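Letters A, B, ... mirror the listed sequences (proteins, then strands); counts begin at 1. All of these numbers come straight from a predicted model, not from anything done at the bench.
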There are 2 protein chains.
Amino acid sequence: MRNLLKDKKLSETPFRKEVLAIFTKYNNAIPLSIVEKDLKEYNRITLYRTIKVFVEKGIIHEISLSGEESNYAICQEECDIGSHQHQHIHFKCNMCGTISCVKINKFPTIQLPEYKIDQLEIQVTGLCKKCNA
Amino acid sequence: MRNLLKDKKLSETPFRKEVLAIFTKYNNAIPLSIVEKDLKEYNRITLYRTIKVFVEKGIIHEISLSGEESNYAICQEECDIGSHQHQHIHFKCNMCGTISCVKINKFPTIQLPEYKIDQLEIQVTGLCKKCNA
DNA sequence: TAATTATTTGCAACACCGTTGCATTAATTA
DNA sequence: TAATTAATGCAACGGTGTTGCAAATAATTA
């Protein structure tokens, strides 16, 4: 397992390792509130700064759904500083509330004449595997 | 022009009409800060409550993009209480910053075996018509 | 390994955002 | 127009996220 902190040229502090471990542990996107619950004790301000720098460095990415608090998930390899490229969609289950990044085979493209398309983000709500079973 | 407030069974107060007029005036999605700037004088709390009830009744819908403050735009006919159906994508121009709802002809579908898909929201960033010209 | 430098952390303080309870005022209904 | 229902404004509050600065920690260099 690669050392994300070193890779991204961030100092390896106990706190950052701890936060990173939490994001790694979950397979889904999680809101700050869950990170906070998993940390035994922590400093609000440091946590905010940690999240911020993780997003900037492309370690995690933010998922904003309408009416939801922001969620964060570990980035795939293709993410880099300042530019998050997703070959996945963001899925919110209406039953269990889980938000996850789901890889799909053929990522749709759209036609927008006269526009120039940079990034495309797809957010889907419905029932996840588990809840649909 | 139809009377949205009456249609949605909301009392027609001067303030609500004023806010609605602002949303109607703009063709794009706008953040609260613009609504506030356009109102000569207003009460914060009433504005929040107005926005909230407009969203609930399907008069406007919220557009959340990562790292952006929320934007709001008038709903199309197909929107209804509690369920916002969009046959449009949300486009953010990286140059002028404008956020708009853009109608597209063939709205993409995606294949997610084992999942049940309810709603699909597409957010695109790039250059808008104007800035791409 | 020790000394130096660069970075991170925690505190205090603050601004902003959005909400709630309640009394007052305005809009709707009869 | 009177009675009823709903919206508004005030006071107050909790949550969120930020900044400046001093102390502590990590990285770097010798």
Side-chain angles (χ1 to χ4, degrees), chain A residues 2-23 29-73 81 97 99, chain B residues 2-23 29-73 81-82 99:
Chain A
R2 67 205 178 109
N3 187 327
L4 264 170
L5 293 174
K6 236 173 206 157
D7 287 2
K8 303 290 184 175
K9 309 233 185 307
L10 285 176
S11 301
E12 297 190 83
T13 68
F15 185 72
R16 283 179 179 165
K17 284 189 205 168
E18 207 180 340
V19 172
L20 189 54
I22 291 172
F23 280 113
I30 51 173
L32 270 195
S33 52
I34 287 199
V35 179
E36 286 170 332
K37 219 166 44 186
D38 276 27
L39 292 164
K40 341 166 199 328
E41 57 175 15
Y42 70 98
N43 178 282
R44 262 175 7 101
I45 300 160
T46 306
L47 179 56
Y48 282 128
R49 287 198 270 229
T50 302
I51 296 296
K52 205 175 183 182
V53 84
F54 278 13
V55 170
E56 281 166 11
K57 296 286 186 174
I59 295 177
I60 59 176
H61 62 277
E62 188 189 1
I63 302 173
S64 304
L65 305 186
S66 298
E68 297 278 333
E69 72 182 307
S70 280
N71 277 257
Y72 300 90
I81 299 173
I99 294 175
Chain B
R2 68 206 176 109
N3 186 328
L4 264 173
L5 293 175
K6 236 173 207 155
D7 286 2
K8 303 289 183 175
K9 310 230 183 308
L10 286 176
S11 301
E12 296 190 85
T13 67
F15 186 71
R16 284 180 178 165
K17 284 188 204 168
E18 207 180 339
V19 173
L20 189 53
I22 293 172
F23 280 113
I30 51 172
L32 270 194
S33 52
I34 288 200
V35 179
E36 286 170 332
K37 218 166 45 187
D38 277 27
L39 291 164
K40 340 167 201 329
E41 58 175 14
Y42 69 97
N43 178 283
R44 262 175 7 102
I45 299 160
T46 306
L47 178 55
Y48 282 129
R49 286 198 270 230
T50 302
I51 296 297
K52 203 175 184 182
V53 83
F54 278 13
V55 170
E56 282 167 10
K57 296 285 186 174
I59 295 177
I60 59 177
H61 63 277
E62 188 187 4
I63 302 173
S64 304
L65 304 186
S66 298
E68 297 278 332
E69 72 181 309
S70 280
N71 278 256
Y72 300 89
I81 298 174
I99 293 175

About how many Å separate [atom2] of [Y] and [atom1] of [X], when rounded to the nearest 0.5 Å?
| X | Y | atom1 | atom2 | value |
| --- | --- | --- | --- | --- |
| B:I99 | B:I63 | CD1 | CD1 | 6.5 Å |
| B:L5 | B:K57 | CG | NZ | 11.0 Å |
| A:L39 | A:L47 | CG | CG | 6.5 Å |
| A:R44 | A:R49 | CZ | CZ | 11.0 Å |

Looking at every heavy atom in both [X] and [Y], which two are closest together, and how far apart are they?
| X | Y | result |
| --- | --- | --- |
| B:K8 | B:G58 | NZ-O, 3.9 Å |
| B:S70 | B:E62 | OG-OE2, 2.6 Å |
| A:N71 | A:A29 | OD1-O, 3.5 Å |

Measure [atom1]/[X] against [atom2]/[N] and give the value in whole Å, please.
| X | N | atom1 | atom2 | answer |
| --- | --- | --- | --- | --- |
| B:Y42 | C:dG18 | OH | C1' | 13 Å |
| B:N43 | C:dG18 | CG | P | 14 Å |
| B:F54 | D:dA7 | CZ | C1' | 12 Å |
| A:E12 | D:dT28 | CD | P | 10 Å |
| A:F15 | D:dA24 | CZ | P | 19 Å |
| B:L47 | D:dA7 | CG | P | 15 Å |
| A:K6 | D:dA26 | NZ | P | 13 Å |

Bending between helix ends of the helix from C:dT1-D:dA30 to C:dA30-D:dT1 [5 pairs per end, 10° resolution]: 40°
Could I get the full list of salt bridge (Lys or Arg N to Asp or Glu O under 4.0 Å) partners for A:K52, not counting sequence neighbours? none
Going by side chain to side chain donor-acceptor pair (under 3.5 Å), name the residues that satisfy it together with B:D38, two or more places apart in sequence or in a different chain. B:K25, B:Y26
Tabulate protein N/O versus nucleotide N/O from nucleotides 15-19 of chain D, keeping only pairs under 3.5 Å, one per line.
| from | atom 1 | to | atom 2 | distance (Å) |
| --- | --- | --- | --- | --- |
| D:dG17 | OP2 | A:Y48 | OH | 3.2 |
| D:dG17 | N7 | A:R44 | NH1 | 2.9 |
| D:dG17 | O6 | A:R44 | NH2 | 3.0 |

If you define the side chain from C-beta out and look only at heavy atoms, does anything of B:F54 sit under 4.5 Å from B:L4? no
Donor-acceptor pairs under 3.5 Å, side chain of residues 13-23 of chain A to any protein atom, not counting sequence neighbours: which ones?
| from | atom 1 | to | atom 2 | distance (Å) |
| --- | --- | --- | --- | --- |
| A:T13 | OG1 | A:R16 | N | 3.2 |
| A:R16 | NH1 | A:S11 | O | 3.1 |
| A:E18 | OE2 | A:K40 | NZ | 3.3 |

Between the protein and nucleotides 6-8 of chain C, are there any N/O to N/O pairs under 3.5 Å, and if so, what are the atom names and distances?
| from | atom 1 | to | atom 2 | distance (Å) |
| --- | --- | --- | --- | --- |
| C:dT7 | O3' | A:S11 | OG | 3.4 |
| C:dT8 | OP1 | A:R16 | NH1 | 2.9 |
| C:dT8 | OP1 | A:R16 | NH2 | 3.0 |
| C:dT8 | O5' | A:R16 | NH2 | 3.4 |

